[in-house]
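Just so it is clear, the model here is predicted, and its values are computed rather than measured. Quick note on labels: first sequence line is chain A, next is B, and so on, each numbered from 1. All heavy atoms count here, side chains included; hydrogens, waters and symmetry mates do not.
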Protein chains: 2
Amino acid sequence: MSLADPDTSSPAEVPRRPRGRPRKTADERDDGNRRRELVAGAARLFRQQGFAATSTRDIAAAVGMRSGSPFYHFESKEALLGAVMLEGMQGALQRQQAALAQLPAGAAPRERLRALVRNHFDVLLGPDSDFIPVMLYEWRSVNAAQRVEVNQLKDRYEADWVPELEALHAQGQLGADPVLARLMIFGALNWSAQWYVPPSGRSARARSRASLDELTESALQLFLREPR
Amino acid sequence: MSLADPDTSSPAEVPRRPRGRPRKTADERDDGNRRRELVAGAARLFRQQGFAATSTRDIAAAVGMRSGSPFYHFESKEALLGAVMLEGMQGALQRQQAALAQLPAGAAPRERLRALVRNHFDVLLGPDSDFIPVMLYEWRSVNAAQRVEVNQLKDRYEADWVPELEALHAQGQLGADPVLARLMIFGALNWSAQWYVPPSGRSARARSRASLDELTESALQLFLREPR
DNA sequence: CCTACCGATCGGTAGG
DNA sequence: CCTACCGATCGGTAGG
């Protein structure tokens, strides 16, 4: 997973004991910031234009680099796409687990599902929400190795939904088989990336949040029946 | 909408009265077949690889043409994409209206919605089902003029769903606001193009049909509550 | 990270 | 519909 070693010290010779302040390694340098900027810029452009229609020159320009420079940070355009998806899923999973951890101990399955849906809307439509839509809509362009890696995170993300859906089904609040229900519910939510436009006007942030809350309530009303 | 005139008769001169059997015009010749092959081949490749990742050479090769020949039938790659979407929506709308016309006169909203959902699964997942997924997932690549044209058909397609959803909402069978419900239901159904794999084995056709029936039932169970 | 560059591919066209 | 072709763009690299 690590990048090719960008250490600029003298070429292979008899190894000398380094003197003075040690050179920073790739992880210590602020290269990470430029790398992050590249991933974020790529995510935005991949979402707007699609992976194949976005050139590495576009991405370089978006972060103020020259055309060849992204290849100092990533070995290929495909690797950049993989990084967008991987970082996107890492963030989404972290936020989901934080949202679940914040719930009271004995929260009912319906409340837990509400938290999962609300977080998913935030992941799809909130601030910095380019990563997951890119993952959803550019899946065919990512190579097999990265697909496996991202899939592991996706499996963990979806696994958190299963017990809640099963409990709701057992309680009669969910009318369909939980496996198919999960697929269709994710479809309904994921599709919102295609049509949702955040409300404009002053205090856009507050309104937008309110509106994702409203979306969440509507989704629950659609999918769930009254408790028996 | 018609193509540039491919008539191969003598160049502009004093018009002579044609003798013998009249030359066929573009609409009469079987050029339409080649055009149709191009659109179908483009639909398949656009779905598999995406619009931007598919070259016009790929499409030409898929129908046994040389690289320049698609441009005899379509003035640009974009126009080919537009044709895929337009023909896809025309077919989907026709099939939907046929499905509705086949229902008994006094069919309940629930039965009418079932027919709409079943037809939509067929449009998305049945035979010759590349066109609509391309429309759904390559929308950003089509130009403004064709977007308007396709949107008119899409509006008519979706308009058929509205009275049924409103009636079901009024009856308490649909728990959410019909406008948002329509968006989410279409999302749930459209997403199936991403995960559905038709059942294999002998008599694949019969099994596949049965399975789309099952999907339809599950969708209705998920979205609708018991009638009051 | 920039400069300068390469080979490959692409959409599209002229002329028949 | 094919042949032969063009200019533009693209992903990627060597060398510093």
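If you take CD1 on B:I59 and OG on B:S67, they are separated by 12.0 Å, rounding to the nearest 0.5 Å.
The side chain of A:S55 places no N or O atom within less than 4.0 Å of a non-bridging phosphate oxygen (OP1 or OP2) of D:dT9.
Taking the side chain of A:F71 as heavy atoms from C-beta on, and the options D:dG11, D:dC1, C:dG12, the nearest nucleotide is D:dG11. With distances taken from any side-chain atom of A:T56 to the nucleotides D:dG11, D:dG12, C:dG12, the minimum falls on D:dG11. Of all nucleotides listed (C:dC1, D:dA4, C:dC10), D:dA4 comes nearest to the side chain of B:S67. The side chain of A:Y72 lies closest to C:dC1, out of C:dC1, D:dG12, C:dC10. Closest contact between the side chain of A:M65 and the listed nucleotides C:dC1, D:dG11, C:dG12 involves C:dC1. The side chain of A:R66 has C:dC2 as its nearest neighbour among C:dG12, C:dC2, D:dC2.
For the pair A:D58 (side chain) and A:S55 (backbone), a donor-acceptor distance under 3.5 Å is present. Without hydrogens or angle criteria, A:R147 side chain to A:V142 main chain gives a donor-acceptor distance under 3.5 Å.
Atom CG of B:N151 sits in a crowded spot, with more than 12 heavy atoms from other residues, nucleotides or ligands closer than 6.0 Å.
When rounded to the nearest whole Å, the span between CZ of B:R57 and C1' of D:dC5 equals 10 Å. B:K77 has its NZ atom 9 Å from the P atom of C:dC10, to the nearest Å. For the pair B:I59 CD1 and C:dG12 P, the interatomic distance rounds to 10 Å; values are reported in whole Å. The separation between B:N33 atom CG and D:dC1 atom C1' is 15 Å, rounded to whole Å. Summarising the geometry, the separation between CZ on B:F74 and C1' on D:dC1 is reported as 14 Å, rounded to the nearest angstrom.
In this entry D:dG15 has C:dC2 as its Watson-Crick or G-U wobble partner, both defining distances falling under 3.5 Å.
A side-chain donor-acceptor contact under 3.5 Å links A:Q146 and A:N143.
Among the protein residues, A:S69 comes within range of the nucleic acid bases, having at least one heavy atom under 4.0 Å from a base atom.
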